[in-house]
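A short worksheet on the structure shown next.
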Amino acid sequence: MTKQITTFEDFIRQILKIIFWVLLFLPLIGVPVYYLLDTVFHFGVDVFSLLTVHPEQMINLINIEPFHSLFIWTTFPGFTFAALFVTFFAMLWERKLLAKIQLRVGPQYAGRYEGFLQMVADLLKLLFKELVTPNAVDKPIFWSVPFASMAIAGALLSLVPLGPTTYLADPPVGVIMIFAIIGFFPIVTLLAGWASNSKYPFLGGLRALHQLVSYEIPLVLSLLGVVVLSGTLDIMKVVTAQSGVWYILLQPLGAIVFFIAALAELERIPFDLPEADTELVSGWITEYTGMGFGAVFLGVYIKLYALSGLFATFFLGGWLGPSFLPPELWFIIKTFIVMTAMLLPRGVMPRVRIDILIRAGWGRLLVLSFANLFITMFLVSLGVLHIGGL
Amino acid sequence: MADIVFLAMMAVTVGGAIVALESREIVYGAVGLAGSLFGVAAFFFLLDAPYVAVFQITVYVGAVAVLIIFTVMLVRHETWMKEVTYSLGRLVGILTAAAIAVSLTFAWAASSSQLPSVPVPSTVTFLQIGQLISTSLSPALEVLALVLSASVLAAITLAKVEREED
């Protein structure tokens with residue numbers, strides 16, 4: 001009233017202020033005044049029951065079934081949990097761990113203790129940065145890549161069971177489905193490299209294509225030993241088959257091949273040729289800015305979480321563990337240990353050359369995964385190993 | 001729920017096929033083809049055949065579509081399919097397709113009131129498929145393996161010959 005309204009912002013603020021005072025004073029003054037007058041004039045309308053809602057008439061949002069499944073998919077074992085786990089925990093852990101390995105201090109100023117709020121600061125920075133679309137890019141494909149990156153990583157995430165009842169999807173052909181979903185990543189990286197219309201992303205996209213296509217085959221073939229031993233393609237049943245002994249003890253070769261192939265699928269050092277900072281600026285994600293970059297990177301890190309979880313599921317017994325901790329916590333502890341092992345090479349390893357990479361993929365890992373499969377089948381046919389354990 | 005998924009996947013399949021045929025930009029055509037094949041895989045999921053669906057995705061989206069996109073990217077796209085041609089045959093084709101669609105719709109509408117109750121067939125698990133392939137259908141599997149290895153050998157031979165010519 002006193003201050004002159006000059007801008008639209010002031011106008012909105014005044015209206016909000018009026019609404020606030022009305023909402024505050026109507027129950028405090030208006031309703032008592034109405035009831036006082038009601039004793040005299042007998043209006044016959046119960047305003048109090050109009051303003052409040054009977055509990056049985058409220059919309060029952062929490063207990064209906066779609067909300068429950070929506071909660072599972074979006075929040076707890078699903079996307080938000082994984083995104084928060086990797087953004088606010090794994091990324092910070094990676095930076096502090098690598099800093100300690102290389103005798104640095106790492107993030108230190110955001111947050112009171114050891115820079116624990118650094119990821120929040122980085123997320124805010126990415127959210128507020130401008131989304132630059134370069135002139136020469138192919139816009140529809142260019143901007144569908146961040147969404148595709150997150151969506152495909154989320155699809156991979158849905159195959160990771162956190163507990164006997166806490167899981168997203170339990171398909172009867174889960175192991176092959178991993179193969180099917182991983183097959184989408186080369187398309188995304190190749191399209192990102194092509195749509196960016198720039199030399200560094202295109203080189204990165206081509207490198208990513210070679211690398212991902214070469215390493216997804218040993219990644220899945222190394223799981224066939226596990227499938228032979230557990231006698232099922234269902235991921236949940238693979239976990240319950242490990243109640244006697246973990247498969248990392250029966251399948252050490254398969255575990256090593258899966259681990260190396262997962263590192264290559266994740267484009268992590270020493271296999272970070274598609275992103276190679278020192279050669280290709282940032283590889284196939286060079287042209288992305290702001291939250292587009294953030295979304296692509298979130299997809300990459302959710303993929304890290306999902307593949308660590310799959311390693312823990314296939315070789316470390318998944319959620320199985322002593323009963324003093326809940327199964328979900330056992331799973332998270334194992335996943336965290338595997339993830340740490342996947343982060344460690346970044347602190348110490350150099351980048352491999354592309355010919356060594358391709359030769360190692362087709363010449364070594366593929367042969368090793370086949371050898372693992374044949375040894376397993378040989379031992380099963382001899383009767384040393386049985387389906388479900390020793 | 002299944003109806004919504006069916007309609008969405010129908011849109012993806014048909015739209016992807018149209019994009020694959022009609023797009024001027026050849027990379028869009030390849031992406032549309034990948035989307036169309038993915039939609040077909042989704043139909044297999046809806047038909048309760050996850051084994052077939054997963055292999056449809058693995059082979060067609062994961063391998064064939066990647067190969068096509070990769071090949072198409074290396075083609076110079078400045079001089080590729082720039083001129084637009086509309087011929088009489090194209091018009092006749094569109095009219096024929098529309099006529100078939102309309103007549104099928106009428107046939108379906110006429111028959112929907114008296115649908116016979118079909119017994120639901122029991123779903124075939126992939127274990128049964130594996131048993132069939134390894135027992136009674138094993139000659140077919142052998143023939144397929146021979147065809148595949150012959151084609152791989154032929155591809156390697158062709159690549160070797162081209163390299164020697166260089």
Side-chain angles (χ1 to χ4, degrees), chain A residues 65-66 69-70 137-142 144-145 148 151-152 155 159 169-197 201-203 205-214 216-217 219-220 227-228 231-234 237, chain B residues 1 4 12 15-16 19 23-35 37-38 40-42 44-46 48-78 123-131 134 152 156:
Chain A
E65 187 56 36
S69 64
L70 191 70
V137 304
D138 188 286
K139 287 189 185 61
I141 294 185
F142 184 77
S144 65
V145 163
I152 298 168
L159 294 173
D170 184 21
V173 286
V175 178
I176 311 176
M177 207 168 263
I178 296 170
F179 198 25
I181 294 172
I182 280 178
F184 280 96
F185 287 108
I187 299 182
V188 170
T189 48
L190 193 58
L191 285 178
W194 178 81
S196 296
N197 206 353
F202 193 63
L203 277 175
L206 291 185
R207 284 183 177 187
L209 175 76
H210 282 97
Q211 177 171 332
L212 298 182
V213 169
S214 308
E216 72 189 19
I217 297 165
L219 181 79
V220 175
V227 172
V228 167
T232 177
L233 290 171
D234 192 331
K237 287 180 187 152
Chain B
M1 183 65 189
I4 298 170
V12 167
V19 168
S23 174
R24 295 269 166 270
E25 187 72 67
I26 195 163
V27 172
Y28 277 61
V31 174
L33 182 68
L37 295 170
F38 177 73
V40 173
F44 284 126
F45 269 116
L46 287 180
D48 216 356
Y51 186 74
V52 188
V54 164
F55 268 97
Q56 166 89 16
I57 295 178
T58 308
V59 174
Y60 284 99
V61 183
V64 173
V66 168
L67 259 182
I68 290 175
I69 292 174
F70 178 59
T71 317
V72 149
M73 272 175 191
L74 299 180
V75 174
R76 292 251 298 273
H77 62 275
E78 287 90 2
T123 53
V124 181
T125 62
F126 65 93
L127 278 175
Q128 288 165 318
I129 297 173
Q131 278 165 358
S134 56
V152 166
I156 291 172

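Throughout, protein chains are lettered first and strands after them, A, B, ... in sequence-line order, and every chain is numbered starting at 1.
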Under 4.5 Å heavy-atom distance to chain B, tell me which part of A/P171 shows up: side chain, backbone, both or neither. neither
Separation between CG of A/L209 and CG of B/L67, rounded to the nearest 0.5 Å: 8.5 Å
Region of B/Y60 that comes under 4.5 Å of a non-hydrogen atom in chain A: neither
Considering only heavy atoms, which portion of A/F202 lies under 4.5 Å from any heavy atom of chain B: side chain, backbone, both, or neither? side chain
Turns out that what part of B/V31 lies under 4.5 Å from chain A's heavy atoms comes down to side chain
Contact winner vs chain B - A/I181, A/I187, A/I182, heavy-atom pairs under 4.5 Å: A/I187
From B/F55 atom CZ to A/F179 atom CZ, the distance as rounded to the nearest 0.5 Å: 8.0 Å
Holding to side chain to side chain donor-acceptor pair (under 3.5 Å), I want the full list of residues that pass it with B/Y28, two or more places apart in sequence or in another chain. A/D138
Which bit of A/I176 comes within less than 4.5 Å of chain B, counting heavy atoms only: side chain, backbone, both or neither? both
